[in-house]
Each structure stands twice: as C-alpha cells, then as structure tokens.
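Counting starts at 1 for both ligands and their atoms, in listed order.
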Amino acid sequence: MFSYRHAFHAGNHADVLKHAMLLGILRHLTQKDSPLVVVDTHAGAGLYRLDGDYAGTSGEASDGVVKLFAALAPADPTRGVAIKEIAPMLQDYMETVAGFNPSGQLKIYPGSPFIVQTLLREEARDKLKLFEMHPTDSKALAANIAQLKAGRQVAAARLDGFEGLKAFLPPPSRRALVLIDPSYEIKSDYQKVSSCIQDSLKRFATGTYAIWYPVIPRPEAHELPRRLKTLATQAGKPWLHATLAIGQADERNVPGEPERGQGLTASGIFVINPPHTLKPALAAALPQLLQVLGRGRGKGQTLETGG
Ligand code: SAM
C-alpha cells in the first residue's frame with residue numbers, strides 16, 4: 001500500500017497547478033477576520049529536496065517548477081519565455097516557492113502543508129490539521145513541522161485522513177478549506193474521495209473543498225469529476241473544475257540512457273464552494289502554465305464552473 005512517495009513527484013506540473021490554486025483559494029479566504037481551519041487529509045512529508053536522491057531519480061520537477069522558474073524568472077533575463085505580465089496567481093506561487101530558497105537556487109520544494117502555513121494568521125487563530133499515514137513521511141512531516149515552531153497552530157497525525165477529517169467538520173468558526181490529495185495508488189481511493197465529499201457536505205455544506213486527481217486512462221479517474229459535479233449539484237453548491245495537460249514528451253528517451261516513461265501528463269482539481277476570485281485568477285494563469293509547461297501531443301487546459 002505504501003509504495004507512493006511524494007518526494008519522487010514534488011514540484012511536478014501537478015504540484016504547480018495544485019499549489020498555485022491552493023494559494024489562490026487561501027489568499028481569498030484569509031481576507032475575512034474570523035478563524036480559518038485548513039485540513040490537509042493527505043499531507044505528505046511537507047518539504048522536499050529538489051536536488052535529493054528521490055527528485056533526482058524521477059526528474060519530475062524539471063517539467064514543473066524548475067521549468068516555470070527557468071521560463072518566468074530566468075537567471076539570464078534574455079533566456080526566459082516572453083510573457084508580458086505574469087498572472088498574479090503564478091507570481092504568488094513563484095514568490096512563495098522562492099521564499100523557501102533564499103540562495104536563489106531551487107533546492108527545496110514546499111509541499112501543501114508548508115504552502116498553506118505561509119498564509120496562516122496568528123492573530124486570527126487560523127489552524128492547520130494534517131494527516132499522513134506513511135510511516136517515513138509522517139515522521140519527516142512531524143520533524144519538518146517542529147522546525148516551524150508554530151505551536152498549536154499546526155497539528156499533524158499519523159491517521160487516515162478520510163476518517164480524521166470528520167472530527168473537524170463543522171469547525172466552530174464555520175470557515176474551512178479542505179484539501180483532499182490522495183496518491184490514488186489503490187483504486188478504492190476514488191470511491192473514498194466521493195464518499196468523503198458526500199459525508200463532508202452533509203456535515204458542513206459551506207466549506208471549501210479542493211480535490212486533486214490524476215487525468216489518466218482509467219474509468220475511475222474519468223468518473224471522479226463527474227461524480228463530484230453531481231454531489232456538488234445535489235447539495236446546491238457551486239463548483240469549479242480546472243485541468244492542465246502538459247502532453248507527451250517526444251524526445252523523452254536519449255539513446256544509450258535507460259528508458260524513461262511519460263509519467264503523469266495531466267491532472268485536475270475540483271473545487272466545491274470556490275472563492276469568486278478563483279475563476280478569473282485561473283483564466284489568467286492556466287494559458288500561461290500551458291505556454292510554459294506544455295510539451296507535445298495532448299497538451300491543453302480546461303476551466304469550467306457550475307452550480
Ligand atoms: N498534499 C501533498 C502536497 O501537495 O504536498 C502531497 C500528498 S501525496 C499526493 C499523498 C500522500 O498521502 C502520500 O504521502 C501518502 O503516503 C499519503 N496517504 C495515503 N493514504 C492516506 C490516508 N488514507 N490518509 C492520510 N494519508 C495518506
């Protein structure tokens with residue numbers, strides 16, 4: 001069950017989309033004074049080394065965050081991609097990632113817990129609740145969180161996030177963002193996500209729920225966004241659905257070197273009760289992400305809303 005390690009994938013195109021959107025949502029939710037509870041049901045290790053063994057083996061960040069920085073914030077300004085005005089959501093994302101890399105070189109990648117933590121407000125008594133089941137990653141997460149010295153603002157537990165979430169809904173302040181970001185390494189995760197959303201909407205219908213999923217040729221993966229649309233519609237709640245496909249890498253294999261697969265080429269995020277600012281922010285950011293990260297056949301982006 002525990003073969004998935006996010007360290008292999010940290011900073012890939014799916015993380016770029018997910019974490020840029022997470023910031024876009026949080027920027028809006030942290031504008032109101034009342035306390036916000038953020039629950040990250042599948043937290044990962046929190047921080048990742050981009051020059052470490054895991055990331056080096058898969059090289060996925062080179063098609064994600066590394067490529068984005070090389071294009072939009074190049075060390076040599078004559079070498080970037082010409083984009084007149086970087087979308088504020090991407091600018092925000094890049095500044096946040098850069099904040100973890102004061103040397104100016106991309107060495108550390110912040111996972112969702114650390115991205116969220118940068119926006120939590122002490123004075124508003126915001127809270128972050130994290131769940132991570134992997135024995136090694138949950139230890140790494142606890143150690144990384146301890147360094148923050150965030151006290152009771154951030155709490156991590158080695159528990160099933162689908163189950164653990166229930167205890168926090170509804171939150172006393174009636175304001176929450178829930179990120180559901182499983183690895184989907186087991187097929188039942190798709191069903192668990194649907195059941196979790198169905199149950200969560202009963203407990204707390206006005207929360208904001210962001211669900212990440214891989215766009216892969218598997219019936220469960222196709223079905224999930226459809227099912228989520230139905231659940232949101234039945235609950236009478238608005239939704240937003242964004243996807244980014246970077247397409248095939250034709251020149252992936254170098255003669256004489258071990259063969260590399262295409263890896264994950266597309267992913268989507270489904271948000272229930274999205275802030276009204278999210279759609280225009282994505283409408284500006286997604287075409288730029290595609291321009292910079294898009295590779296070959298199959299690349300594209302979609303953005304739809306409903307409810
Ligand atoms: N949210 C993280 C981020 O954006 O930086 C990445 C999370 S990764 C895609 C999914 C994580 O969920 C893995 O670290 C895996 O060990 C963990 N996991 C798997 N099943 C779980 C469960 N039922 N509850 C909590 N964590 C789980």
Side-chain angles (χ1 to χ4, degrees), residues 1-26 38-50 52 54-55 58 60-61 64-65 93 96-97 100 108-119 128-145 148 154-168 177-197 199-200 209-216 221 224 242 244 263-264 266-271:
M1 173 181 175
F2 284 123
S3 58
Y4 182 92
R5 305 294 306 279
H6 195 67
F8 288 110
H9 312 285
N12 69 2
H13 61 91
D15 265 5
V16 173
L17 175 68
K18 183 199 334 175
H19 295 151
M21 280 180 72
L22 195 53
L23 282 166
I25 295 170
L26 273 170
V38 183
V39 184
D40 189 347
T41 59
H42 295 68
L47 288 174
Y48 306 93
R49 287 198 70 99
L50 289 175
Y54 291 120
S58 60
E60 286 190 30
V65 67
Y93 168 74
T96 304
V97 174
F100 288 85
I108 301 287
Y109 189 75
S112 50
F114 278 73
I115 298 260
V116 171
Q117 205 274 334
T118 59
L119 290 195
L128 173 58
K129 308 290 180 190
L130 306 167
F131 295 99
E132 171 54 50
M133 288 244 290
H134 194 288
T136 313
D137 283 356
S138 62
K139 253 191 220 159
L141 178 65
N144 287 329
I145 293 296
L148 279 173
V154 184
R158 194 181 152 197
L159 293 173
D160 178 355
F162 293 120
E163 283 303 312
L165 169 63
K166 294 178 182 170
F168 297 105
L177 165 64
V178 179
L179 172 66
I180 304 182
D181 181 25
S183 41
Y184 299 93
E185 60 180 323
I186 33 175
K187 222 164 70 174
S188 57
D189 270 352
Y190 294 94
Q191 179 52 45
K192 282 189 185 173
V193 169
S194 299
S195 308
C196 176
I197 288 297
D199 176 72
S200 301
Y209 299 90
I211 301 110
W212 180 88
Y213 72 95
V215 176
I216 49 174
L224 184 61
L244 176 70
L264 180 71
S267 70
I269 314 258
F270 195 92
V271 186

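Listed by number with element, the atoms of ligand 1 under 4.0 angstrom from any heavy atom of Thr41 are 24 (N), 25 (C), 26 (N). Those atoms of ligand 1 that come under 4.0 Å of a heavy atom in Leu159, given as number and element, are 24 (N), 25 (C). Listed by atom number, the atoms of ligand 1 under 4.0 Å from Asp137 heavy atoms are 14 (O). With ligand atoms numbered from 1 in the order given, ligand 1 contributes 5 (O) to contacts under 4.0 Å with heavy atoms of Gly111. Remark: ligand 1 atoms within the under-4.0 Å shell around heavy atoms of Gly161 are 22 (C), 24 (N), 25 (C).
Taken to the nearest 0.5 Å, the CD1 atom of Ile211 stands 3.5 Å off from the CD1 atom of Ile197. Interatomic distance, Leu23 CG to Leu119 CG, rounded to the nearest 0.5 Å: 5.5 Å.
The option with the heavy atom closest to atom 13 (C) of ligand 1, from among Glu132, Lys18, Arg158, is Glu132. Distances from atom 22 (C) of ligand 1 to the heavy atoms of Glu163, Met133, His9, His134 show the closest one on Met133.
For the pair Leu22 and ligand 1, no heavy-atom separation below 4.0 Å is found.
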- Task: Determine, stepwise, if the pair Ile216 / Tyr184 fulfils side-chain contact (heavy atoms from CB on, under 4.5 Å).
- Result: CA-CA 11 Å; Ile216 49 174; Tyr184 299 93; over 6 Å; no

- Item | Check against side-chain contact (heavy atoms from CB on, under 4.5 Å), Asp40 and Val38 | CA-CA 7 Å; Asp40 189 347; Val38 183; 5.5 Å; no

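At least one side-chain heavy atom of Tyr109 sits less than 4.5 Å from a side-chain heavy atom of Asp15. Side-chain atoms of Arg5 and Thr136, non-hydrogen and from C-beta on, do get closer than 4.5 Å to each other. Tyr93 has its side chain within reach of Val65: a pair of non-hydrogen atoms, C-beta onward, lies under 4.5 Å apart. In this structure, the side chains of Phe270 and Leu224 stay at 4.5 Å or more apart for every pair of heavy atoms.
At a heavy-atom distance under 4.0 Å, no atom of Asp189 approaches ligand 1. Proximity of Ile115 to ligand 1, defined as any heavy-atom pair under 4.0 Å, is not found for any part of the residue. Residue Ala43 touches ligand 1 through its backbone alone, judged by heavy-atom distances below 4.0 Å. Contact annotation for Asp181 and ligand 1: heavy atoms of both the backbone and the side chain come within less than 4.0 Å of the ligand.
Between His19 and ligand 1, at least one N/O pair is under 3.5 Å apart. At least one N/O-N/O distance between Ser112 and ligand 1 falls below 3.5 Å.
Under a cut-off of 6.0 angstrom, the local environment of NZ in Lys166 is crowded, with over 12 non-hydrogen atoms contributed by other residues, nucleotides or ligands.
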